[in-house]
Visitor: 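Below you will find the structure I want to go over with you.
Owing to the predicted nature of the structure, the values given are computational and were not obtained by experimental measurement. By convention in this document, chain letters (A, B, ...) are assigned in the order of the sequence lines, proteins followed by strands, and residues within each chain are numbered from 1.
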There are 2 protein chains.
Amino acid sequence: MATMTAEQRRRQAKLAYNAYVAECPSRQVLDAISDKWVTLVLSALDEGPMRYSDLARRIAGVSQKMLTQTLRMLERDGLLTRTITPSVPVRVDYELTPLGETILPVVGAIKQWSEAHIEQIHEARAGYDERNPS
Amino acid sequence: MATMTAEQRRRQAKLAYNAYVAECPSRQVLDAISDKWVTLVLSALDEGPMRYSDLARRIAGVSQKMLTQTLRMLERDGLLTRTITPSVPVRVDYELTPLGETILPVVGAIKQWSEAHIEQIHEARAGYDERNPS
DNA sequence: CCGTATCCTCCTCGATACTG
DNA sequence: CAGTATCGAGGAGGATACGG
């Protein structure tokens with residue numbers, strides 16, 4: 001449309017850019033693993049398969065709702081499998097898939113960088129907060 | 001308190017666990033870089049210092065508010081510097097610090113894993129959604 | 001040019017209660 | 001045991017308008 005105002009063109013560009021960013025693989029993966037409980041679940045399962053109740057106990061702060069939601073997301077993304085044993089009472093086991101295992105080194109890299117540099121970050125924050133009170 | 005109920009003990013444990021997780025270096029760093037605009041800003045600045053308006057143009061989808069907020073966070077964490085030149089009109093330049101540069105490989109690792117495996121994830125999602133309609 | 005201030009909306013997440 | 005259903009508070013983030 002040649003008759004678009006500059007205003008309209010800017011909005012269009014913004015929408016297009018945001019759609020593009022949303023499709024970005026890095027963005028999708030980052031969104032997935034930055035979820036509060038995801039790394040905790042993945043790390044726990046790295047030590048072997050676990051039942052729902054094991055995970056709930058191990059990750060003490062999580063609510064039932066969030067644990068279930070997190071597990072469903074990870075199952076949907078193919079990072080873990082969910083196996084139901086229809087005994088009474090039922091038993092549900094979760095286990096990392098090979099794909100799920102391949103992402104652990106990435107999480108490990110983040111962990112390593114974090115532990116190596118968190119001190120510097122804290123110092124930077126303290127300095128900044130001192131220079132900028134309020 | 002020995003007179004605590006089981007209910008109270010569970011709440012205590014949950015609070016303690018959440019406080020512990022909040023302090024975790026990985027958590028803090030993950031929270032920082034998983035922000036929608038952070039990786040885009042860091043990547044842009046990897047190519048060299050930039051003015052505020054350069055960043056705004058380059059990252060087309062961001063609002064002024066979010067761009068400023070993101071830059072302040074990164075400055076506070078010591079990942080970039082902010083230099084004001086009090087000309088008229090003012091000029092503000094942003095530049096990565098050495099610390100900021102060291103985090104780029106981590107972001108790169110995420111990007112690499114994502115691009116290598118996003119296809120598998122999309123297939124897993126499609127399969128899951130087919131098996132679980134609704 | 002580089003922001004701040006305000007308002008307003010959506011959406012996440014926890015708490016709680018209930019079920020096969 | 002392993003969830004689902006519902007509600008409500010709180011925060012993130014965009015739009016808009018204004019300021020140094």
Side-chain angles (χ1 to χ4, degrees), chain A residues 7-8 10-19 21-22 27 31-32 34-38 40-41 49-76 80-95 132 134, chain B residues 7-8 10-19 21-22 27 31-32 34-38 40-41 49-76 80-95 132 134:
Chain A
E7 175 71 7
Q8 287 173 322
R10 249 177 282 119
R11 284 170 190 283
Q12 278 285 331
K14 199 160 276 206
L15 287 176
Y17 188 87
N18 283 333
V21 168
R27 180 83 254 123
D31 282 344
S34 65
D35 188 275
K36 186 175 177 185
W37 306 110
V38 164
L40 295 169
V41 168
M50 280 199 193
R51 301 180 57 171
Y52 182 91
S53 46
D54 292 332
L55 288 166
R57 207 169 315 107
R58 166 99 184 221
I59 307 172
V62 71
S63 65
Q64 276 191 324
K65 178 185 169 184
M66 291 316 295
L67 181 53
T68 300
Q69 198 175 104
T70 302
L71 290 166
R72 286 288 136 69
M73 285 270 172
L74 294 173
E75 185 196 1
R76 186 170 109 99
L80 53 77
T81 57
R82 176 166 174 266
T83 312
I84 308 174
T85 308
S87 52
V88 178
V90 275
R91 169 194 180 108
V92 181
D93 285 272
Y94 293 90
E95 182 170 11
N132 307 60
S134 88
Chain B
E7 174 70 8
Q8 287 172 321
R10 249 177 282 119
R11 285 171 190 286
Q12 276 286 331
K14 199 161 278 204
L15 287 175
Y17 187 87
N18 283 333
V21 168
R27 181 82 252 119
D31 282 344
S34 66
D35 188 275
K36 186 176 179 185
W37 306 111
V38 164
L40 296 168
V41 168
M50 281 199 191
R51 301 181 57 171
Y52 181 91
S53 45
D54 291 333
L55 287 167
R57 207 169 315 107
R58 166 100 185 222
I59 307 173
V62 73
S63 65
Q64 275 191 324
K65 178 186 168 184
M66 290 316 294
L67 181 54
T68 300
Q69 197 175 106
T70 303
L71 290 166
R72 284 290 136 69
M73 284 271 172
L74 294 173
E75 185 196 3
R76 186 170 111 98
L80 53 78
T81 57
R82 175 166 175 266
T83 312
I84 307 174
T85 308
S87 52
V88 178
V90 276
R91 170 195 179 107
V92 182
D93 285 273
Y94 292 91
E95 182 170 13
N132 306 60
S134 89

Visitor: With sequence neighbours excluded, what pairs up with Asp93(A) under the side chain to side chain donor-acceptor pair (under 3.5 Å) test?
Guide: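 If we apply the side chain to side chain donor-acceptor pair (under 3.5 Å) test to Asp93(A), skipping adjacent residues, the hits are Arg91(A).
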
Visitor: Who passes side chain to side chain donor-acceptor pair (under 3.5 Å) against Arg51(B), sequence neighbours left out?
Guide: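 Not a single residue meets the side chain to side chain donor-acceptor pair (under 3.5 Å) criterion with Arg51(B).
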
Visitor: Do Val41(B) and Val62(B) come within less than 4.5 Å of each other through their side chains, counting heavy atoms only?
Guide: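 Sidechains of Val62(B) and Val41(B): no contact.
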
Visitor: Does CE in Met66(B) sit with more than 12 non-hydrogen atoms of other residues, nucleotides or ligands closer than 6.0 Å?
Guide: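 Buried by this count: over 12 neighbours within 6.0 Å.
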
Visitor: State, to 0.1 Å, how close Pro86(B) and Ile84(B) come at their nearest heavy-atom pair, and which atoms those are.
Guide: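 So the minimum-distance heavy-atom pair works out to CD-O, 3.6 Å.
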
Visitor: What pairs meet the side-chain hydrogen bond (donor to acceptor under 3.5 Å, both in side chains) rule with one or both residues in residues 60-74 of chain B, with sequence neighbours excluded?
Guide: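 For residues 60-74 of chain B: Tyr52(B)-Thr68(B).
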
Visitor: Summarise how protein sits on nucleotides 12-20 of chain C as a single string, 5' to 3': B when a protein heavy atom is under 4.0 Å from the base, S for sugar-phosphate-only contact, - for no contact.
Guide: -BBBSB--B

Visitor: Determine whether Met50(A) and Leu80(A) make a side-chain contact, defined as any pair of heavy atoms from C-beta on separated by less than 4.5 Å.
Guide: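 A side-chain contact under 4.5 Å is absent here.
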
Visitor: Where do Arg27(A) and Leu40(B) land on the side-chain contact (heavy atoms from CB on, under 4.5 Å) test, with the steps shown first?
Guide: CA-CA 10 Å; Arg27(A) 180 83 254 123; Leu40(B) 296 168; over 6 Å; no

Visitor: Where is the tightest heavy-atom contact between Val92(B) and Arg82(B), given as atom of each residue plus distance?
Guide: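 Heavy-atom minimum between the residues: CG1-CG, 3.8 Å.
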
Visitor: To the nearest Å, give me how far apart CG (Asp93(B)) and P (dG3(C)) are.
Guide: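 From Asp93(B) CG to dG3(C) P: 10 Å.
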
Visitor: For the atom pair OG1 (Thr81(A)) and CG (Leu74(A)), what is the distance rounded to the nearest 0.5 Å?
Guide: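 CG of Leu74(A) is found 11.5 Å from OG1 of Thr81(A).
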
Visitor: Can you pull the contact range of chain B along DNA chain D, 5' to 3', using atoms under 4.0 angstrom from its heavy atoms?
Guide: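 Nucleotide range in contact with chain B: dG13(D) to dG20(D).
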
Visitor: To the nearest 10°, give me the bend of the helix from dC1(C)-dG20(D) to dG20(C)-dC1(D), comparing the axes of its five terminal pairs at either end.
Guide: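 What I find for the helix from dC1(C)-dG20(D) to dG20(C)-dC1(D) is an axis angle of 50°.
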
